[in-house]
Amino acid sequence: MKGICILGSTGSIGVSTLDVIARHPEQYSVVALTANNNLDRLFEQCLKHRPVYVVLLDQAKADEFTLKLKSAGLTGIAVLRGAEALEQVASLPEVDSVMAAIVGAAGLLPTLAAAKAGKTVLLANKEALVMSGSLFMQEVTRSGARLLPIDSEHNAIFQCMPANYCAGHAALGVRRILLTASGGPFLNRALSDLHDVTPDQACAHPNWVMGRKISVDSATMMNKGLEVIEACLLFNLPPEQIQVVIHPQSVIHSMVDYVDGSVLAQMGSPDMRIPIAHALAWPQRFDSGAEMLNLFAIGQLNFVAPDFERFPNLRLAYQAVKAGGVMPAVLNAANEAAVAAFLERRLPFTGIPQIIESCMERVSQRPADNIAAVLEADGETRALAESDIKNRG
Ligand code: NAD
Ligand code: MG
């Protein structure tokens, strides 16, 4: 029986993770659940999975939740509060695996704590890796943590890598990675329409149901940009060896192209329970609850080259990873600020890449040689992005 901590249990990935775990109660026991909102969902999760710890970010919610547990007679669950408690539960001795499923930079320190503590880290929170880059990978190597990718593309690549491959080691014989992308809801929209698209239109992803931030990232293709950076780090390849391929059906989740001309692909329904179950059961396999792939119903698979004019964020992400240093953290922070503003209707959709590019031009490049430097660049960029957003009126 393995103990698991789920950082961000009330989100889309958190819910799918608990769904898979519920199918295999003899293999996993839930030690800790953490959330920032949606107390009703968290309460249902507590009823069903009986964690030992729950972490909420703010005091008022923690107090409210404690009362809720008490009045339902649910005892034996400790309610902790604050960002430090996230790091604490991610490194508990009774925790074997940590599902890193907080969205954005807020997940960095707890995910890093899990890596430092040598846990099996199931990594969904790509922003944490993009920001901290090789610092994160060094911690994984130093502590002997195991890093298993949850992002469907990276999980696919992991499955197509040589059997003796282990994250962070260059894989011999790999020529390039073909990173697939659906192209999101605006793949074929007239460019002149993009200025006026609404948050709900941007979040209406054709194939996947996800949290709102990553849904907007899919519409701008920043999600793929972050994934290019994620792939460079996880698989130790330069950006020149990562080719983005638009594949609107989302059936192939990515491919690995070998020097002998073999191309290995991983396919499946667009259901995040597949990569989640893969990582939870690894190196074995178990049922995820996903539907069997019906190739006859799908009929055909299409592939298109990405268009950097339609998706300037993809160009900016390649630029950031090539620049190195704090630039990936700057890219990420500017994007988080711009996406939040777009979701709050303070910024048009087409303003997102403009804010990011302007931040990347103005924040001074420096080495990302410690976490404090990364967090400083993150804070500086957010302040700059916010003032840009305000100044646009
Ligand atoms: P979501 O918005 O549905 O859930 C986010 C979770 O994090 C929630 O539990 C929320 O309460 C918690 N949270 C939010 N802000 C927080 C904060 N400041 N401090 C602590 N907790 C906080 O997001 P999601 O779609 O589940 O995505 C989670 C992560 O997984 C993201 O990094 C995303 O890029 C990645 N991911 C998601 C999918 C998907 O299909 N949803 C696929 C691949 C990768
Ligand atoms: Mg993905």
Side-chain angles (χ1 to χ4, degrees), residues 5-19 32-42 45 54-58 61-62 65 80-87 89-90 99-111 113 121-131 148-158 177 179-184 203 205 207-218 221-231 234 244 247 250 252-254 266 268-276 279 290 332 335-336 339-340 343 378 382:
C5 160
I6 303 179
L7 301 170
S9 71
T10 54
S12 163
I13 294 287
V15 167
S16 294
T17 303
L18 286 170
D19 179 282
L33 297 177
T34 87
N36 187 31
N37 45 31
N38 209 335
L39 298 192
D40 290 342
R41 183 172 283 166
L42 185 64
Q45 293 178 340
V54 157
V55 181
L56 282 156
L57 221 51
D58 70 68
K61 284 182 187 155
F65 199 71
L80 311 181
R81 182 200 66 83
E84 273 171 24
L86 295 174
E87 295 180 54
V89 293
M99 169 57 81
I102 289 175
V103 59
L108 173 59
L109 294 178
T111 307
V121 181
L122 314 182
L123 186 76
N125 182 200
K126 64 192 89 183
E127 298 92 341
L129 180 61
V130 166
M131 291 172 73
L148 296 171
I150 295 299
D151 216 342
S152 57
E153 296 77 1
H154 305 76
N155 184 271
I157 296 161
F158 181 82
I177 283 173
L179 187 70
T180 54
S182 69
C203 290
H205 196 278
N207 306 334
W208 301 92
V209 180
M210 310 181 283
R212 280 172 84 76
K213 191 266 176 180
I214 184 176
S215 296
V216 175
D217 284 349
S218 298
M221 279 195 82
M222 178 55 91
N223 184 47
K224 213 46 56 180
L226 297 174
E227 289 183 2
V228 167
I229 304 175
E230 186 183 9
L234 288 174
V244 173
H247 163 47
S250 300
I252 294 182
H253 298 301
S254 279
Q266 186 263 2
S269 307
D271 184 332
M272 285 307 293
R273 289 177 302 176
I274 298 175
I276 291 169
N332 178 68
N335 181 57
E336 286 192 30
V339 170
L343 285 171
D378 174 272
R382 281 170 203 269

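Counting convention: from 1, in listed order, for ligands and their atoms alike. Note that this is a predicted model, so its numbers are computed, not measured.
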Kindly indicate whether the side chain of [X], heavy atoms from C-beta on, has any atom under 4.5 Å from the side chain of [Y].
X: Met272; Y: Val209; result: no
X: Val54; Y: Ser9; result: no
X: Leu234; Y: Leu129; result: yes
X: Arg41; Y: Val15; result: yes
X: Val244; Y: Met221; result: yes
X: Gln45; Y: Ile6; result: no

Please write down residue, atom name and distance for the protein heavy atom closest to [atom].
atom: atom 36 (N) of ligand 1; value: Ile214 CD1, 3.6 Å
atom: atom 42 (C) of ligand 1; value: Met272 CE, 3.6 Å
atom: atom 13 (N) of ligand 1; value: Asn36 CB, 3.7 Å
atom: atom 38 (C) of ligand 1; value: Ile13 CD1, 3.4 Å
atom: atom 4 (O) of ligand 1; value: Gly11 CA, 3.1 Å
atom: atom 19 (N) of ligand 1; value: Leu57 CD2, 3.2 Å
atom: atom 9 (O) of ligand 1; value: Thr10 OG1, 2.7 Å
atom: atom 3 (O) of ligand 1; value: Ser12 N, 2.9 Å

Exercise for the section: Name the option, out of Ile150, Asn38, Asn223, Val103, that contains the heavy atom nearest to atom 23 (O) of ligand 1. Expected result: Val103
Fill in the blank from the handout: To atom 30 (O) of ligand 1, the nearest of Ala124, Ser152, Ala83 on a heavy-atom basis is Ala124
Atoms of ligand 1 less than 4.0 Å from [X] heavy atoms?
X: Ala101; value: 5 (C), 6 (C), 7 (O), 28 (C)
X: Ala106; value: 17 (C), 18 (N), 19 (N)
X: Asn37; value: 10 (C), 11 (O)

List the atom of [X], the atom of [Y], and the distance in Å for their closest heavy-atom pair.
X: Trp208; Y: Asp271; answer: CZ3-N, 3.4 Å
X: Asn38; Y: Thr10; answer: O-CG2, 3.8 Å
X: Glu153; Y: Thr180; answer: CG-O, 3.6 Å

Problem - Side chain Asn125, main chain Gly104, donor-acceptor under 3.5 Å - result: yes
Practice task
Ignoring hydrogens and angles, tell me if any N or O in the side chain of Asn155 forms a donor-acceptor pair with the backbone of Ile150 under 3.5 Å.
Solution key: no
Report the atom name of the nearest N/O/S atom of [X] relative to the Mg ion (ligand 2).
X: Asp151; result: OD1
X: Glu153; result: OE1
X: Glu227; result: OE2

Exercise for the section: Using a 4.0 Å heavy-atom threshold (strictly under), name the region of Lys213 that reaches ligand 1: side chain, backbone, both or neither. Expected result: neither
Exercise for the section: Check whether any N or O atom of Thr34, backbone or side chain, sits under 3.5 Å from an N or O atom of ligand 1, and answer yes or no. Expected result: no
